[in-house]
Amino acid sequence: MVSLFRRTASPVTAHILHDAGLTPVGKARLATVAEYFGQILRLHAVPEPPPEIAAGLPPQFGPGSLYRLHLPRLLGEEQVIYLDCDVCCTLDIRELWEEAAQGRAASGAEPLLSCVRNQTAEGAGGRAIVKKGLDPAHYFNSGVLVFHPRRLRALFPDLMAAVLRLLPELPRPPLLYPDQDALNLLFRRLPLHWLGERFNYQLHVAGRWLLPPDQLEGRLLHFCGRKPWCEPLCPSALGHLENYRFLEQCCFEK
């Protein structure tokens, strides 16, 4: 959130979807960040998925990986940008907003979703996608999405409910990317707007996580696999440290 606020001059409303695990201290810190940058924060407590669904999710994702599916129902805006928590923003987010607002599907129709193709949809990854009845060339990564809520609600009044119905039908084992696989199945014949890779630059591809920040070509850096807050730090995460220093020095020092 700091990386986004630091680089965006326009007004932003940040919507945080959370469960009971977000403590009062955590809420206060989020509010402090938004207030410091003069932006708006909205916290949304969302219900956890049913126990039988949660129990079947891979441990590296967990129930929180499904919370984004509440966005089209919760928010009435024309479009909403979703970012995974491991995405570092190096652009003014208005750039993505405007790109999505002007986007059209290949058919010329208004899209339900703007997204970026998954960058590991080849080799073994591609074969796994095919087994799910999907085309690797049209399989998107769910870490950066632009929802168009009003259009979505006309087709899926409750996107979360639609995904929960689909999850038990996904091939097992393995169930690697539950929300991503389910979304791709739901949208495989629906109008999508494909964004450029710079808007979801996946760092687990071709050893990108080993590159220094000045050699990374993306603008929304998606730390798939290797997280920027884990030690030892990967070279690509060195630029992200700046956000932590900024957070500590400018937002929490008394």
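Residues take their numbers from the sequence shown, with the count starting at 1. Just the heavy atoms: all of them, side chains too, but no hydrogens, waters or symmetry mates, feed the values below.
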Checklist entry - Out of curiosity, Leu192 CG to Cys115 SG, how far, rounded to the nearest 0.5 Å? => result 4.5 Å
Item to check | side chain to side chain contact (heavy atoms under 4.5 Å, CB included) against Ala106, all qualifying residues, sequence neighbours excluded | outcome: none
Checklist entry - Tell me, which pairs form a ring pair (Phe, Tyr, Trp, His ring centres under 6.0 Å) where one or both residues lie in residues 3-33, sequence neighbours left out? => result Phe5-Phe37, His15-His44
Next on the checklist: Hydrogens and angles aside, do Tyr201 and Gln119 bring a side-chain donor and acceptor to less than 3.5 Å of each other?
Outcome noted: no
Next on the checklist: Go through it in stages, so that I can follow the logic: the residues are Tyr67 and Asp19, the test is side chain to side chain donor-acceptor pair (under 3.5 Å), and I'd like the CA-CA distance, side-chain angles, deciding distance and then a yes or no.
Outcome noted: CA-CA 9 Å; Tyr67 291 171; Asp19 55 24; 2.9 Å; yes
Checklist entry - When rounded to the nearest 0.5 angstrom, what distance separates CG in Leu203 from CH2 in Trp209? => result 11.0 Å
Item to check | Side-chain donor or acceptor of Arg226 paired with backbone N/O of Phe223 under 3.5 Å | outcome: no
Next on the checklist: For His240 and Tyr244, take the angle between the two ring planes, folded into 0 to 90°, and tell me which bin it lands in: parallel under 30, tilted 30 to 60, perpendicular over 60.
Outcome noted: perpendicular
Checklist entry - Backbone N or O of Cys88 within a donor-acceptor pair of the Ser3 side chain at under 3.5 Å? => result no
Next on the checklist: Tell me whether Arg208 contacts the main-chain N or O of Gln202 through its side chain, where contact means a donor paired with an acceptor under 3.5 Å.
Outcome noted: yes
Checklist entry - Which distance, rounded to the nearest 0.5 Å, do you find between the NE2 of His138 and the CD1 of Ile129? => result 12.5 Å
Item to check | Connected hydrophobic set around Val205, excluding itself, where side chains approach under 4.5 Å | outcome: none
Next on the checklist: Listing request: all ring pair (Phe, Tyr, Trp, His ring centres under 6.0 Å) pairs with a residue in residues 141-164, at least two apart in sequence or in separate chains.
Outcome noted: Phe156-Phe187
Checklist entry - With sequence neighbours left out, what residues match Arg219 under side chain to side chain contact (heavy atoms under 4.5 Å, CB included)? => result Thr90, Leu91, Glu95, Arg198
Next on the checklist: The criterion is side chain to side chain contact (heavy atoms under 4.5 Å, CB included); which residues satisfy it with Pro213, sequence neighbours excluded?
Outcome noted: Leu238
